[in-house]
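Report on the following structure.
As the structure is a computational prediction, the values presented were derived from the model and not from experiment.
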Amino acid sequence: QVAANISQQGVDGLQFAPGVIQHVSVLTSVGYPLLYALAFWFKLFGAGIFQARLMMALYMVAFAAVSFVLLRRLYGNTAALASLSILATFPPFYAFGKSIIGEVPVLFSAELAGGLFGSFLSAVSGGNLYRKSSFLEGALGQKLFPEWMTIDERPHLMQAMGSSAFDGDGLATYAKPFVENGELVSYILGTYSGRKLGMPSTANAGGVHNLFVTHGEEDQAALLRRMGRGLLVTELMGHGLNMVTGDYSRGAAGFWVENGEIQFPVQEVTIAGNMRDMFKQIVAVGNDLELRSNIRTGSVLIERMTVAGS
């Protein structure tokens with residue numbers, strides 16, 4: 001009701017004081033650069049999200065107070081109230097209060113988590129390896145994931161999406177691990193790529209058949225509570241993986257989480273990291289398995305990624 005009254009007073013103020021718009025424009029033209037400079041300063045010096053949001057909130061309160069006092073002297077109390085309703089519509093005043101800048105935990109929903117492991121499969125596939133266009137070239141035998149994680153292929157499951165008795169070369173498929181206790185123990189090879197690398201085929205010409213990722217007993221709600229504060233990603237945009245370096249950067253949308261509970265929706269943010277670091281920083285995999293895909297995994301919680309946006 002208070003907001004409605006202020007909005008109505010704002011309309012009256014504009015009717016009786018046409019100069020309000022011009023003065024608000026001048027004020028925001030000064031406030032915009034200062035606010036964006038403040039955001040850049042926080043990002044440059046690596047301030048936490050809480051500190052950044054607190055300082056920006058204090059700045060906005062101070063800016064609104066100065067605007068109110070100045071316009072009340074020029075046009076009266078009604079016009080000053082109108083200025084507040086106008087200022088509240090400018091993007092920095094409703095967006096920067098929820099700005100996200102810095103490194104935070106990120107939880108990928110099960111529907112999207114398969115894409116992370118799909119990128120891993122591409123990086124250890126023979127085609128990228130013999131072309132030397134993979135950030136995991138020469139990684140055989142290295143620890144890439146946490147020690148508790150195993151990633152294996154199960155091609156003979158009844159009625160599963162990717163089940164197959166033979167690969168694209170006609171070789172009989174068989175169950176095998178690609179990652180065991182966090183260590184990369186096998187590449188993904190067909191006959192041709194295996195010959196190029198001087199290695200035997202793993203009966204994976206044409207891809208992997210039913211990839212399983214180790215998961216725990218926690219569902220997504222439990223992972224949110226475990227994360228505490230961070231970003232739940234439910235949508236990804238664009239293709240932002242450099243297969244040679246492993247650098248990962250994509251547009252995302254989802255929900256901001258505080259104290260293990262969803263607080264508000266987040267759109268048009270960018271999440272970034274390096275795939276090697278992301279693999280090592282997997283904290284947990286949920287039991288909410290995505291069964292409509294060739295890659296069976298639950299939600300994936302990553303310890304930290306760089307997030308920027310609002």
Side-chain angles (χ1 to χ4, degrees), residues 107-131 133-136 139-142 144-197 199-220 223 233-236 239 241 243 275 278-279 282 284-302:
L107 177 62
F108 288 87
S109 65
E111 295 82 2
L112 303 180
L116 297 177
F117 296 106
S119 298
F120 161 72
L121 294 179
S122 297
V124 297
S125 66
N128 285 322
L129 292 170
Y130 77 72
R131 294 186 184 94
S133 59
S134 169
F135 65 94
L136 292 182
L140 196 63
Q142 295 181 11
L144 299 180
F145 293 88
E147 192 151 345
W148 51 265
M149 180 169 283
T150 295
I151 302 175
D152 63 295
E153 180 186 30
R154 305 177 191 179
H156 299 154
L157 293 176
M158 295 296 292
Q159 299 181 341
M161 290 286 290
S163 295
S164 178
F166 302 94
D167 75 344
D169 292 331
L171 298 180
T173 56
Y174 58 97
K176 56 186 168 294
F178 296 114
V179 172
E180 208 165 31
N181 299 322
E183 179 181 326
L184 180 64
V185 296
S186 175
Y187 289 141
I188 299 173
L189 306 174
T191 302
Y192 180 77
S193 60
R195 190 184 314 119
K196 296 283 283 187
L197 292 169
M199 303 174 72
S201 172
T202 60
N204 287 114
V208 171
H209 309 283
N210 299 327
L211 190 79
F212 273 73
V213 179
T214 303
H215 62 84
E217 299 301 320
E218 298 170 294
D219 59 11
Q220 189 180 91
L223 291 180
V233 177
T234 58
E235 181 181 351
L236 291 171
H239 179 77
L241 172 62
M243 189 58 67
M275 292 298 287
M278 291 164 62
F279 292 155
I282 293 177
V285 178
N287 63 6
D288 52 332
L289 298 183
E290 173 57 60
L291 302 179
R292 297 168 296 178
S293 169
N294 186 42
I295 300 175
R296 296 195 173 188
T297 178
S299 299
V300 173
L301 176 59
I302 296 178

>> What verdict does the side chain to side chain contact (heavy atoms under 4.5 Å, CB included) test give for Glu111 and Arg292, after you've listed the backbone C-alpha separation in whole Å, the side-chain angles of each residue and the deciding distance to 0.1 Å?
In response: CA-CA 9 Å; Glu111 295 82 2; Arg292 297 168 296 178; 3.8 Å; yes
>> Using side chain to side chain contact (heavy atoms under 4.5 Å, CB included), reason through Val185 and Lys176 one step at a time and then give a plain yes or no.
In response: CA-CA 10 Å; Val185 296; Lys176 56 186 168 294; over 6 Å; no
>> As a quick check of understanding, evaluate side chain to side chain contact (heavy atoms under 4.5 Å, CB included) for Thr297 and Glu290, giving each step before the final call.
In response: CA-CA 6 Å; Thr297 178; Glu290 173 57 60; 5.5 Å; no
>> Using side chain to side chain contact (heavy atoms under 4.5 Å, CB included), reason through Val213 and Val300 one step at a time and then give a plain yes or no.
In response: CA-CA 10 Å; Val213 179; Val300 173; over 6 Å; no
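Across every non-hydrogen atom of Asn210 and Ser163, the tightest pair is ND2-OG, 2.9 Å. The two atoms that bring Leu121 and Ile295 nearest to each other are CD1-CD1, 4.0 Å, heavy atoms only. Taking every heavy atom of both residues into account, Phe108 and Leu116 meet most closely at CD1-CD1, 3.7 Å. In terms of heavy-atom proximity, Thr191 sits nearest to Ser201 at N-OG, 3.7 Å. Minimum heavy-atom separation, Met199 to Leu189: CB-CD1, 3.8 Å. Minimum interatomic distance between Met275 and Ser119 (heavy atoms only, all atoms of both residues): CE-CB, 3.7 Å.
Two residues are said to be in side-chain contact when any heavy atoms from C-beta on lie closer than 4.5 Å; His215 and Asn287 meet this criterion. The closest side-chain heavy-atom distance from Asn204 to Glu153 is below 4.5 Å. Leu129 has its side chain out of reach of Ser193: every pair of non-hydrogen atoms, C-beta onward, lies at least 4.5 Å apart. Counting only heavy atoms from C-beta outward, the side chains of Gln142 and Leu136 never approach each other to under 4.5 Å. Taking the side chain as every heavy atom from C-beta outward, Leu144 and Val179 never approach each other to under 4.5 Å.
Applying side chain to side chain contact (heavy atoms under 4.5 Å, CB included) to Phe178 and the options Val124, Leu211, Thr150 leaves one that passes, Leu211.
Rounding to the nearest 0.5 Å gives a distance of 8.5 Å between CZ of Phe279 and CD1 of Ile302. With rounding to the nearest 0.5 Å, the separation of CG in Asn128 from CZ in Phe135 is 9.5 Å. Rounded to the nearest 0.5 angstrom, Arg296 CZ and Phe117 CZ are separated by 15.0 Å. Taking CG from Leu112 and CG from Leu236, the interatomic distance works out to 4.5 Å, rounded to the nearest 0.5 Å. For the atom pair CG (Leu107) and OG (Ser299), the distance works out to 5.0 Å, reported to the nearest 0.5 Å.
Within a 6.0 Å radius of OH in Tyr174, other residues, nucleotides and ligands contribute more than 12 heavy atoms.
For Glu183, the side-chain hydrogen bond (donor to acceptor under 3.5 Å, both in side chains) test picks out no residue, with sequence neighbours left out.
Using modelled atom types, no side-chain atom of Asp167 and backbone atom of Gly190 make a donor-acceptor pair closer than 3.5 Å. Between the side chain of His156 and the main chain of Thr173, a donor-acceptor pair closer than 3.5 Å is present.
Relative ring orientation between Phe145 and Phe120 is described as perpendicular, the plane-to-plane angle rising above 60° on a 0-90° scale split at 30° and 60°.
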